[in-house]
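This report concerns only the one structure given below.
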Amino acid sequence: MENLPETLYVNLTGVPSPTSEPDSAAKERAKIERYLRLLNQPMHKEEALALLNKERRVEDMPLLLWNAKNASFILLQEIISAYKLLSPPLLTMKEATRVCNSLALLQAMASHPDTRLPIVKAKLPLYIYPFMNTTEKRTKHFDYLRLTSLGVIGALVKVEDDNSPEIIHFLLESEVIPLCLRCMEVGSELAKTVAAFVISKMLMYDEGKQYCGTFPERLYAVANILAKVIDQLPGKPPMQLLKHILKCFNHLTEVSRASDALEKFYPAKLRDPAYLNFAIDEVAVRGLADQVLQSVIAHRPASITEMFP
């Protein structure tokens, strides 16, 4: 996620794109404002959600959405309306798409520097937690819900700035790490990758390390799930997923109480040079794997014979 480009579009013609025209910004703004008016009309709400999602890349769209009358309330209505369909799992693909469109707009606001902190202060991310807590694996649209919800949290932690400590504090206090671990247990490869990315970002901060180090059960839960994901990967692991899991372990080695948990749960695969040679073909990731292994070994508790020669 942190390595993804903002856009895949490349203008090879040398001709200025339409968005570079002097009045293009005004046209885009007028179009978005028209969609926002549609959002307030029940008969056109679903269409408006889809149309607004097509404009998510427009720079000012998150600000217009945040400041628009009733817009955030309508997004929450769409999100909350799906709760009753989560257990038992009755959500259809059409209903999931509608909710995912609302979540994607929330993600756009989570990505914008001027709306990122306000949505946290309004505690809007709390409303997506029920989707991250689902365990349904048989239908793809439940994983779409988990993945889109993770995308909101990923957008909040992706950028490091002056607001980051407050955002990280909110996420830790609201217990988002156990929800990310749940997504790593039951989610698709991409959901596991985004969840590992989110955890690794939170563990960069002292408060994240303190969260894991204060209670042994938290440390064991994180280390256990990370190890379980590695153990369950068949063949060559997805490099992005492996990289973010290694980053998580690397940050855990900096937790003072982590030695026993890391020694017990660090995957045997990642201790095996033959597996590392087979699995990792990126120099930077292999360097990270070697670094983490050395840190785990350094944290290994001394044996009785070492303590009393």
Side-chain angles (χ1 to χ4, degrees), residues 2 150 153-154 157 168 171-172 175-187 189 191-280 282-309:
E2 61 189 343
L150 282 165
I153 308 301
V157 302
I168 294 297
L171 293 173
L172 290 170
E175 297 288 345
V176 80
I177 283 185
L179 296 173
C180 289
L181 294 176
R182 172 62 59 85
C183 291
M184 292 191 73
E185 283 188 288
V186 303
E189 176 191 314
K192 292 179 194 295
T193 302
V194 179
F197 166 79
V198 170
I199 294 173
S200 72
K201 282 290 188 180
M202 287 192 283
L203 288 175
M204 287 175 56
Y205 294 82
D206 289 340
E207 188 173 357
K209 296 183 182 72
Q210 184 180 2
Y211 173 90
C212 287
T214 302
F215 299 103
E217 57 270 22
R218 288 179 181 172
L219 186 61
Y220 279 90
V222 174
N224 183 39
I225 296 300
L226 293 173
K228 188 181 293 185
V229 171
I230 292 292
D231 289 337
Q232 292 174 349
L233 291 174
K236 251 189 176 178
M239 204 51 52
Q240 285 295 309
L241 175 57
L242 178 59
K243 181 179 73 173
H244 293 311
I245 288 177
L246 284 169
K247 286 183 176 182
C248 290
F249 275 121
N250 192 43
H251 293 311
L252 287 176
T253 64
E254 300 165 357
V255 177
S256 58
R257 298 184 180 184
S259 57
D260 288 342
L262 292 178
E263 173 61 20
K264 181 177 180 180
F265 290 111
Y266 197 65
K269 284 182 178 180
L270 299 182
R271 304 172 193 251
D272 182 0
Y275 176 78
L276 294 177
N277 290 336
F278 158 75
I280 304 176
E282 291 187 19
V283 175
V285 179
R286 178 56 191 269
L288 179 59
D290 291 339
Q291 176 187 333
V292 177
L293 181 57
Q294 288 301 313
S295 296
V296 170
I297 293 172
H299 281 74
R300 180 179 294 168
S303 65
I304 295 297
T305 57
E306 290 173 326
M307 292 171 64
F308 304 100

## Note on the structure
What one should report as the nearest heavy-atom pair of V285 and M239 is CG1-SD, 3.9 Å
### Worked check of side-chain contact (heavy atoms from CB on, under 4.5 Å) between R182 and I225
CA-CA 9 Å; R182 172 62 59 85; I225 296 300; over 6 Å; no
### Task
Measure from the side-chain N and O atoms of K209 to the backbone N and O of L203, and report whether any donor-acceptor pair falls under 3.5 Å.
yes
## Note on the structure
Between V222 and C212 the two heavy atoms that sit nearest each other are CG2-SG, 4.0 Å
### Interatomic spacing from NZ in K243 to CG in L288 - rounded to 0.5 Å
9.0 Å
### Message
Does atom CD (Q210) have a neighbourhood of more than 12 heavy atoms from anything else shown, all under 6.0 Å?
### Response
no
### Query
Does T214 offer a backbone N or O that forms a donor-acceptor pair with the side chain of R257 under 3.5 Å?
yes
### Task
Give a yes or no on this: more than 12 heavy atoms of other residues, nucleotides or ligands lie within 6.0 Å of atom NZ of K264.
no
### Message
Give me the atom names and distance for the closest heavy-atom approach of G213 to V255.
### Response
CA-CG1, 3.6 Å
### Query
Within 45° of the axis and under 6.0 Å from the centre of the six-membered ring of Y211, does NZ or CZ of R218 qualify?
yes
### From CD1 (I199) to CG (L171), nearest 0.5 Å
12.0 Å
### Query
Are L276 and D290 close enough that some pair of their side-chain heavy atoms sits under 4.5 Å apart?
yes
### Task
Output the distance between atom OG1 (T193) and atom CG (L242), rounded to the nearest 0.5 Å.
10.0 Å
### Summary
Looking only at heavy atoms, the pair that brings S200 and K247 closest together is CB-CB, 4.0 Å
## Note on the structure
Heavy-atom nearest pair, A191 first then L150, reads O-CD1, 3.4 Å
### Message
Under the criterion side-chain contact (heavy atoms from CB on, under 4.5 Å), I'd like the reasoning laid out for V292 against L270: C-alpha separation, chi angles, the key distance, then a yes or no.
### Response
CA-CA 9 Å; V292 177; L270 299 182; over 6 Å; no
### Query
Are side-chain heavy atoms of I168 and V157 found at a separation under 4.5 Å?
yes
### Task
Without swapping roles, check the side chain of K269 against the backbone of L233 for a donor-acceptor pair under 3.5 Å.
yes
### Query
Is the closest side-chain heavy-atom distance between S295 and Y266 below 4.5 Å?
no
### Task
Answer yes or no: is there a donor N or O on one side and an acceptor on the other, between the side chain of N277 and the main chain of P273, under 3.5 Å?
yes
#### Entry: Rounded distance [0.5 Å steps], CD in Q291 versus CZ in F249
14.0 Å
### Task
Provide the closest heavy-atom pair for C183 versus K192 in the form atom of the first, atom of the second, distance.
O-CG, 4.2 Å
#### Entry: Within 6.0 angstrom of D206 CG, more than 12 heavy atoms from elsewhere
no
### Spacing of H244 atom NE2 and Q240 atom CD [to the nearest 0.5 Å]
4.5 Å
### Atom pair CG/CG of N224 and L219 - distance to nearest 0.5 Å
11.0 Å
### Message
Less than 4.5 Å apart, side chain to side chain, heavy atoms only: is that true for L179 and E175?
### Response
no
